[in-house]
**Student:** 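Below you'll find the structure I mean.
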Amino acid sequence: MTAMATQVESNCDALLRAGNTNCAGCGMSIGLQLLEQALGKDRKPLMAIPACCGIVTAGAFPTSAYGAPVAASTFASAAAVATGLSLVGEINGEDAPVMVWAGDGGTYDIGVATLSAAAERNENVLYFCYDNEIYGNTGGQRSSATPEYVTTSTTPRGKAERKKDMMAIMAAHRIPYAATLSVAHRDDFLRKVRYALTVKGFRFLVLLSPCPTGWKSEPQESVDLIDLAVRCGVFPVFEVFDGMRYRINVRPDGTPLEKYAERQRRYAAASMNLEGVRRHVAEQWAWLEGMERAFPGSE
Amino acid sequence: MGKALITGNHAAGYALSVCGEANRSARGCVAGAYPITPQTEIVEYLRGFNFSRGRVVPVESEHSAMAVCIGAALNGARAFTASSANGLAYMVENIFAAGYYRLPIVLIAVNRTLGPPWNIWVDQGDSLMFRDAAWIQFYTESHQDLVDTVLLAFRVAEDPRILLPVCVALDGFVVSHTLMGVELPEQAQVDRFLPPCHVPHRLRVDHPATVGGLTWPKETAHHRRQIQSAMERVPEVLEEALDEFEKVFGRRPDGALRVEHAEDAEQMLVACNTMARTARRLVESRQSEGEKLGLIKLKMFRPFPRRQLREAVGKAKRLGVLDRNHSAGSGGVFWGEVAATFQGRSDLVVQNYIVGLGGGDVTPEVLGMIADDLQTRMTAGEPIWQEVGV
Ligand SMILES: Cc1ncc(C[n+]2csc(CCOP(=O)(O)OP(=O)(O)O)c2C)c(N)n1
Ligand code: SF4
Ligand SMILES: [Mg+2]
C-alpha cells in the first residue's frame, strides 16, 4: 500500500474531520458526529451537499474535511444530484447510502421544488436538513425557516412571517419516513437515523441546528439551547411514518419560552412578541397531539 | 436497422437511447426528462425505451434534468438530456456546473427562440446563450447529421483527453418535426463504436474527496486552463472519432467544418444548421452560372475552429456570415467569432447578415439576395438585418 493510500484511510475515519471550518458550537459539528455514529465505522455514504455552510466547511481544494465522497452541488440541486447518484448505485447493485446534507435555505427555499420532486418520485435518498433558521453562509439573512419576530440581516426589525412547516409539507408527500432530530437528545437522534438507514425510499430528517454566529448565542450553550427549544415546545421532536402516522418523541415540560429566547440576541427585537409566539407554539402542539391521537404511528 | 423514415426528434431519441444502452457493459445510463416544444418527443422517446441498465427520470424542471445527469455522471454512468429555449435558460446554472465538473454529459438542444414574446420556431440564440460554459457545441444540418453527431458526441465527450460535455443542436421544426430517410445505427454497431464510459473522477466510497468544492484563484485559473487545453485537443480527437466512425458505419459524417468551392471562391457564405443546406443549394446553382461563390458550414462552434476556418477561406475576399441569432447590442454571435478570427486581415470583408430570426423561412431566394449584396461589397458595414417572409 502506498503512503498516500494509507493517509487517506487513516483520515477518513471521521465523517467530519478535524480542520473543518465550522464555527465553534455549530450544530453541524454535533449532527455530523451523531450521523457518523449511526452509520458505524464501516459504512460510508455518498453525499450531495449544496451551497451552504456545510460545503464551505469541507475546506478548499485539494483538501476535504469530509470522510466520505461529496458532490458539491448548485444551491437548488442537491436532491436531484442525489437522485442521479442513487439510481446509478441501484443499477450497479451498490448499497452505499446516498445522502443529502443541506441547509434550510437549500431545503425550505431555493431547493424546495427539487426536494418535492425527489420525494414525490420516492427516490432512495436520505435527506438531512440542518436548519439554523437563516442563510448562514451569506451572513445571516432570513429564510422561510426563520421564526417570526426574529432579527436577521434582512429582517432588521424582526421577521413578520411565521416559520414554514416543512415537516407537514414533507409528510404530505407520503414519503416512508420523516422525523425531526434534537442534538440534545442523542439516543432519540441515533435511533431515528439508524431506523432511517433501514428504510428504502425518500427519507427526510431535519435537525434544529444551533448557529452561535447567526443566533448571537454562546457556543458552549448550543446543546443547552436545543434542549430548551424542545422543552419549551418551540421545536417539536416527532416522526411521521408514510406521511400519515405520527409519533411524538419528546413533549414540552412547561419550561417558559423566555428561557430559550433570552440567551439569543436574535430574539431581542423591539417588536418581539413572545405572547404571539407562545400562542402559535400552543396551536402547533394541539395539532400535533391531534394527529398522533387520530393517526398513531410506529415502525 | 437500415434506413428509416423518421422525424428529427425520433432520430435524436433513438440515437441517445442506443448510446445509453451501449453502456450496459459498464455503469449504465441515466437521463433527465422534461418536455418543451419542440423537443418533447425526444424525452417521450427516452421514457418509452426499454433500457437494460438505465433510468430516465421524469424530473420537475430542466434545472433538475441536468442535476440528475450530473449526479449520475458523478457516479460513473453515461448521462444525457435534451431541451429547448427557455428550458435551456432554466438549465443554465447546471449547464455550467456540468462543464466545470468535467462530466461527459450529452445535451441535445432543439433550437428555438427564447421568449417572451413566445415563439416556438427555430433560432440559435438558446444554445449560444451558454457558449461560454465549458461545453463542446455542434450544429447539425440534417436528420442524418444529427444521429451521427450524437454518436460522435459521446465518443468525444468521454475521451480521457477531453472529458467535457457536448451539446448537439438541431433546428426546431425544420428538422425536429419533419420526416427524412435516416440510416439508423444498429445497437451492435454502436456497442462497437462507443467504448464503455469511464469517469475517472467519479465518487468512490473509498476515496473521500469533495468534487466541486472551494478553490482559490490560482487553482481556479489552472482549472480553466485545463479546460482550454482539453478544448484545443477536440479537433484531433474528433478526427480520430470520425475515422473510427467510418470503419464501423462505412460513411464519414462532417467534421468541425465543411468547405465547398474554396479553390476558386471569391466570396463565401458561412452558415450552420439547415441554413447551410439551403446555402449549398444556392452555391451550386450560382456556381453553375459561373459565379465564384463558396460555402463554409460551421458545424463545430465550441471549440471555435479558428485554425481550420483560416485555412478554409483560401483566396476569398469576402465572407458573409449568416446568423440566426441576435446578441442584443452587438450583432450575430457567429459573426463576432468569425470577425475575431480574421482580425488584422484588412483585405478580407467579413459582413454579418442576421436572417431567419424567430423561425423566419430562409429560402434560397433570401440567401440569393444576401449573396448579391456580398458580391459587391468593398468594405464591411454594420450587421444587416435580412428580412424574410413567414
Ligand atoms: C443560485 C444561488 N443563489 C444564491 C447563492 C448564494 N448562497 C450560497 S449559500 C446561501 C445560503 C445558504 O443558506 P442555508 O441553505 O440555510 O445554509 P447555511 O448557510 O445556513 O448553512 C446563499 C444564499 C448561491 N450559491 N446560488
Ligand atoms: S455560521 Fe452558523 S451554521 Fe455556519 S458554520 Fe457558523 S455556526 Fe455553523
Ligand atoms: Mg441555514
Side-chain angles (χ1 to χ4, degrees), chain A residues 5 8-9 11-12 14-15 17 21 43-50 55-92 94-98 111 113-118 120-121 123, chain B residues 23-24 26-32 34 51-61 63-79 92-98 101 103 105 199 201-216 218-220 222-223:
Chain A
V8 169
E9 271 163 35
N11 274 349
C12 68
L15 185 57
R17 297 159 169 175
T21 63
R43 190 153 40 161
K44 295 289 178 197
L46 299 183
M47 298 177 71
I49 306 183
I55 198 62
V56 174
T57 204
F61 178 87
T63 60
S64 176
Y66 285 101
V70 174
S73 83
T74 54
F75 197 12
S77 299
V81 169
T83 296
L85 291 171
S86 153
L87 290 175
V88 179
E90 184 186 299
I91 292 170
N92 292 284
E94 293 157 354
D95 58 4
V98 172
T114 320
L115 167 61
S116 168
E120 185 262 342
R121 296 190 307 266
E123 301 292 350
Chain B
N23 205 42
R24 65 196 178 288
R27 288 182 68 74
C29 71
V30 171
Y34 198 79
F51 289 100
S52 34
R53 271 157 76 77
R55 300 279 189 280
V56 179
V57 189
V59 287
E60 85 295 346
S61 71
H63 195 269
S64 287
M66 185 52 69
V68 165
C69 289
I70 287 171
L74 280 174
N75 207 355
R78 183 166 285 160
V92 151
E93 187 191 22
N94 281 331
I95 288 181
F96 273 83
Y101 279 124
L103 295 174
I105 294 165
V199 182
H201 51 306
R202 75 176 169 90
L203 302 194
R204 292 170 198 273
V205 276
D206 57 355
H207 183 69
T210 293
V211 182
L214 309 181
T215 52
W216 298 110
K218 190 165 166 244
E219 284 79 16
T220 306
H222 187 64
H223 173 237

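First the proteins, then the strands, lettered A, B, ... as listed; each starts at 1.
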**Student:** Kindly indicate whether the side chain of B:Val59, heavy atoms from C-beta on, has any atom under 4.5 Å from the side chain of A:Arg121.
**Tutor:** yes
**Student:** Of the backbone (N, CA, C, O) and the side chain (C-beta and beyond), which part of B:Val205 lies under 4.5 Å from a heavy atom of chain A, both, or neither?
**Tutor:** both
**Student:** Counting only non-hydrogen atoms closer than 4.5 Å, does B:Ala98 touch chain A with its backbone (N, CA, C, O), its side chain (CB onward), both, or neither?
**Tutor:** neither
**Student:** Would you mind checking which part of B:Val57 comes under 4.5 Å of any heavy atom in chain A, side chain (CB onward), backbone (N, CA, C, O), both or neither?
**Tutor:** side chain
**Student:** Which atom names give the shortest non-hydrogen contact between B:Leu74 and A:Ala71, and what distance separates them?
**Tutor:** CD1-CB, 3.6 Å
**Student:** B:Arg27 versus chain A, heavy atoms under 4.5 Å apart: side chain, backbone, both or neither?
**Tutor:** both
**Student:** Quick one: what part of B:Ala209 sits under 4.5 Å from any heavy atom of chain A, side chain, backbone, both or neither?
**Tutor:** backbone
**Student:** Please report the shortest heavy-atom distance between A:Leu85 and B:Gly71, naming the atom on each side.
**Tutor:** CD2-O, 3.3 Å
**Student:** Where on A:Ala58 is there a heavy atom nearer than 4.5 Å to chain B: the side chain, the backbone, both, or neither?
**Tutor:** side chain
**Student:** With a 4.5 angstrom heavy-atom cut-off, is it the side chain or the backbone of A:Pro62 that approaches chain B, or both, or neither?
**Tutor:** neither
**Student:** Among B:Ala65, B:Gly32, B:Pro58, single out the residue with the greatest number of heavy-atom pairs under 4.5 Å to chain A.
**Tutor:** B:Pro58
**Student:** Please say whether more than 12 non-hydrogen atoms of neighbouring residues, nucleotides or ligands are located less than 6.0 Å from CZ in A:Phe61.
**Tutor:** no
**Student:** Just so I understand: if I count every heavy-atom pair under 4.5 Å between each of A:Gly84, A:Pro69, A:Ala80 and chain B, which residue has the most?
**Tutor:** A:Pro69
**Student:** How long is the straight-line distance from CD1 of B:Ile70 back to OG1 of A:Thr83, given to the nearest 0.5 Å?
**Tutor:** 12.5 Å
**Student:** Would you mind telling me which of B:Glu219, B:Arg204, B:Met66 has the largest number of heavy-atom pairs within less than 4.5 Å of chain A?
**Tutor:** B:Arg204
**Student:** Which atoms of B:Tyr101 are under 4.5 Å from chain A, going by heavy atoms: the side chain, the backbone, both sets, or neither?
**Tutor:** side chain
**Student:** Heavy-atom cut-off 4.5 Å, strictly under: side chain, backbone, both or neither for A:Val98 against chain B?
**Tutor:** neither
**Student:** To the nearest 0.5 Å, how far apart are CG in B:Asn75 and CG in A:Asn92?
**Tutor:** 7.5 Å
**Student:** Of the backbone (N, CA, C, O) and the side chain (C-beta and beyond), which part of B:Cys29 lies under 4.5 Å from a heavy atom of chain A, both, or neither?
**Tutor:** backbone
**Student:** Could you check whether any side-chain heavy atom of A:Glu120 comes within less than 4.5 Å of a side-chain heavy atom of B:Glu60, counting everything from C-beta outward?
**Tutor:** no
**Student:** Should A:Ile49 and B:Thr210 count as side-chain neighbours, where that means a heavy-atom distance under 4.5 Å?
**Tutor:** no
**Student:** Heavy atoms only, distances under 4.5 angstrom: which of A:Ala72, A:Ala118, A:Ser64 has the most pairs with chain B? Name it, please.
**Tutor:** A:Ala72
**Student:** Below 4.5 Å from any heavy atom of chain A, which atoms of B:Ser61 appear? Answer side chain, backbone, both or neither.
**Tutor:** neither
**Student:** If you tally heavy-atom pairs under 4.5 Å against chain B, which of A:Ala48, A:Gly59, A:Ser86, A:Pro45 wins?
**Tutor:** A:Gly59
**Student:** So how far is it from A:Thr114 OG1 to B:His63 NE2, rounded to the nearest 0.5 Å?
**Tutor:** 7.0 Å
**Student:** Measuring from B:Ile95:CD1 to A:Thr74:OG1, what's the distance to the nearest 0.5 Å?
**Tutor:** 11.5 Å
**Student:** Once rounded to the nearest 0.5 Å, what's the spacing between atom CD of A:Glu123 and atom CZ of B:Arg55?
**Tutor:** 10.0 Å
**Student:** Quick one: what part of B:Glu93 sits under 4.5 Å from any heavy atom of chain A, side chain, backbone, both or neither?
**Tutor:** both
**Student:** Do you know the tightest heavy-atom contact between A:Ser77 and B:Asn94?
**Tutor:** OG-ND2, 2.9 Å
